[in-house]
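Okay, structure first, notes after.
Residue numbering restarts at 1 for every chain, and letters A, B, ... go by the order of the sequence lines.
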There are 2 protein chains.
Amino acid sequence: MTPLPRSTRPTMNDVAKLADVSLKTVSRVVNGTESVSAAKAVRVEAAIRELGFRRNEQARQLRQGTTATIGLIIEDLADPFYSTLARAVEEVAHAHHHALLVSSSAEDPRRAEALVRSLSGRGIDGLIITPAEGMDPRVLAAEGEAGCSLVFVDRPSVDVDADTVLVDNRGGTAAGVRHLLAAGHRRIAFVGDTASLYTAQERRIGYLEALETAGIERDDNLVLMANPAAPESGEAFLALLDRDNPPTAILSGNNRWSVRVVRLLRQRGASIALVGFDDFELADALEPPVSVVAQDPAAVGRLAAELLFSRLAGDTGPRQHIQLGATLIPRGSGERAPR
Amino acid sequence: MTPLPRSTRPTMNDVAKLADVSLKTVSRVVNGTESVSAAKAVRVEAAIRELGFRRNEQARQLRQGTTATIGLIIEDLADPFYSTLARAVEEVAHAHHHALLVSSSAEDPRRAEALVRSLSGRGIDGLIITPAEGMDPRVLAAEGEAGCSLVFVDRPSVDVDADTVLVDNRGGTAAGVRHLLAAGHRRIAFVGDTASLYTAQERRIGYLEALETAGIERDDNLVLMANPAAPESGEAFLALLDRDNPPTAILSGNNRWSVRVVRLLRQRGASIALVGFDDFELADALEPPVSVVAQDPAAVGRLAAELLFSRLAGDTGPRQHIQLGATLIPRGSGERAPR
DNA sequence: CTGTTAGCGCCTTCAG
DNA sequence: CTGAAGGCGCTAACAG
């Protein structure tokens, strides 16, 4: 196989020849670190322009052992929560002159492991990751040892201690439940994502804790943990509404469930109190507007990225575990009294 | 500055020493291309496991002149249209064992140029880009010459001929307008993004063409071109509603305007026919549900990526200019009769 | 201020 | 089947 023509991109050597100076002098001019006599600098610059030379970052990076690139592995880039987070990470990376490699693990632990290896092999300087449930922790531990800084977002990883940025899932959900309790509700259902997900589990715990604090007996029949994207989940939710002694309010555990609940209630013509965890677009324009406990995905991304860059800059302080608050936004649906 | 310890990641040389074979033999085992005697292969594999060796992709890429990485530059990763597109690109890239570098140009032509240079310097094999308005075409042309395949999405680039995937903005908007005409409207407003944007301009033209075909006299007072995110745009929109002989229907030119229009109409308590270009989440759950002309951002991303990979695989056929259709989805808001 | 030498980690000749 | 030598493009270390 031919070594790929790679077109004819000029190298420093070409520039050096044309300007009739040494390779190193070109390097000095390009990087502007050391001083070069004005005469030669001008010749070099002219040669650079003439040839359209641009420094080959790959070669530079191989030499320096750094890539000026960080990686981001999330569940799903198409999910508004993660795309907002990714945008914030990108902005911080850009400010630090780093590029961003983004990948979605799609909740598949094997794929997540492969992505970590793939990004790592490309020599990223750091990695921000939402660890997929069921990942082999050794894959991540290996990164830490390989000198690649690691920050977890949205969930911690089992068995790997690294900087972590997450949201106060329990406290936020509990606040949502208390809001419904204050409106007079006593039978509040919790509708969350698959029980295997960390955030879903934490939010369920927050829900239970708030009920317990209020002295309300726990009723597991009011808890539904299921994938909001699965068709059968809709029926499970409707069954929840149709049982004897049905709930008068719903705490939905993420925005995908909130959206689905809104649609299902709408089809039913049912009006029942609702508070959703995680805000979503147009929640304020629905009828009634949906009250939510809002996270700040951009803040999660920004803090994670800033933490990562502080590590890359040499900060060797103790591991940080940052927990961001979640804010209740009353809009109408959560203030309805029980029927 | 110390040359960064880069921790102690083992190299092929380390593996070779431990297995007591030559560097080249390790290379052969790692890449599995040429055959190696079983005995040595076993020793090498054991050494690889023991050291936790993983091939340094950077070095490999420098040698081979390919990075197995493609770049994607869009306006804003946090915008649902672009994040969905990006997700689709990522999926195709993953299927081709390529990583994806993502960057948002934030509508800033200088930033977009810097991003192109930055990604290009990292040696990406191909680039998918939504060219920012006002970019220097030479920056992009240079990529083509440097042997980096280029695909434009969502808009074409001036002065640079490359593969392009875009949506039928004119036809889609015209279909939306015809839908409103069929419901009996004669005074239809067009509310689009800043006039300098390609898609906004195309949609405005589609709107005008549909009116002309229907024999309706053009009224430029019914056209508003403004940034949907700017505060003053809201007032401009309300002024449109308050003028003498106001419109009985609105064609909104993108999803950000649609969302804003929905909110403004809601605040006003006004009920007026509406069709939006580009679908958005929960459009079906609003009151009334919003009729839209839907694009398929995932299809745009997928086709662009597939086109790019076919080029990388050696397809040297003529430039392709793919135009995807847009689909009218009637939901209620566009079927209202004029008052 | 300038140039030479060496080598980052790997792959590709080309001899054994 | 195996190994030695050379180089991808660049930068660090050391001379002049």
Given C/dC11, D/dA12, D/dG9, which nucleotide is nearest the side-chain atoms of B/Arg60? C/dC11
Minimum-distance nucleotide to B/Asn56 side chain [options: C/dC10, D/dC8, D/dT11]: C/dC10
Side chain of A/Lys40 (C-beta onward), nearest among C/dT2, C/dG9, C/dC8: C/dT2
Contact list please: residues 19-30 of chain A against DNA chain D, heavy atoms, distance less than 4.0 Å, in numerical order. A/Leu23, A/Lys24, A/Ser27
Quick one: which residue pairs count as a ring-ring contact (aromatic ring centres under 6.0 Å, His included) with a foot in residues 131-157 of chain A, not counting sequence neighbours? none
OP1 or OP2 of D/dT11 versus the side-chain N and O atoms of A/Asn31: is any pair under 4.0 Å? yes
Is any side-chain nitrogen or oxygen of B/Thr11 closer than 4.0 Å to OP1 or OP2 of C/dC8? no
Write out all pairs satisfying ring-ring contact (aromatic ring centres under 6.0 Å, His included) with one or both partners inside residues 298-320 of chain B, taking only residues at least two apart or from two chains. B/His96-B/Phe309, B/His98-B/Phe309
Decide, yes or no, whether a salt bridge links B/Asp161 with B/Arg319 under the criterion of side-chain N to carboxylate O below 4.0 Å. yes
Whole-Å gap separating P (C/dC10) and CZ (B/Arg54): 12 Å
If an axis is fit to five pairs at each end of the helix from C/dC1-D/dG16 to C/dG16-D/dC1, what is the angle between the two, to the nearest 10°? 40°
B/Asn13 CG to C/dC11 P, in whole Å, measures 12 Å
To the nearest angstrom, how far is A/Arg122 atom CZ from C/dG9 atom P? 18 Å
What is the distance, rounded to the nearest whole Å, between atom CZ of B/Arg9 and atom P of C/dG9? 10 Å
Counterpart residues, side-chain contact (heavy atoms from CB on, under 4.5 Å), relative to A/Ile48 (two or more places apart): A/Val15, A/Val30, A/Val44, A/Phe53
What pairs with A/Leu166 under side-chain contact (heavy atoms from CB on, under 4.5 Å), at least two apart in sequence or on another chain? A/Pro156, A/Thr164, A/Tyr198, A/Gln323
Quick check on D/dG9: is either OP1 or OP2 less than 4.0 Å from any side-chain nitrogen or oxygen of B/Arg63? no
For the residue pair A/Leu101 and A/Ile70, establish whether any side-chain heavy-atom pair is separated by less than 4.5 Å. no
Return whichever of B/Leu62 or A/Ser37 has its heavy-atom-nearest nucleotide of DNA chain C closer to the 5' end. A/Ser37
Atom CZ of B/Arg43 and atom C1' of D/dT2: how far apart are they, to the nearest Å? 12 Å
Can you check the A/Gln58 CD to C/dG9 P distance for me, whole Å? 16 Å
With a cut-off of less than 4.0 Å, is there a side-chain N or O of B/Gln64 near OP1 or OP2 of C/dT12? yes
Once you round to the nearest 0.5 Å, how far does CD of A/Gln61 lie from CD of B/Gln61? 10.0 Å
Write down the atom of B/Val160, the atom of B/Leu140, and the distance for their closest heavy-atom approach. CG2-CB, 4.3 Å
So that I can tick it off, tell me whether B/Glu45 and B/Arg49 are bridged by a salt bridge, with the cut-off set at under 4.0 angstrom between side-chain N and carboxylate O. no
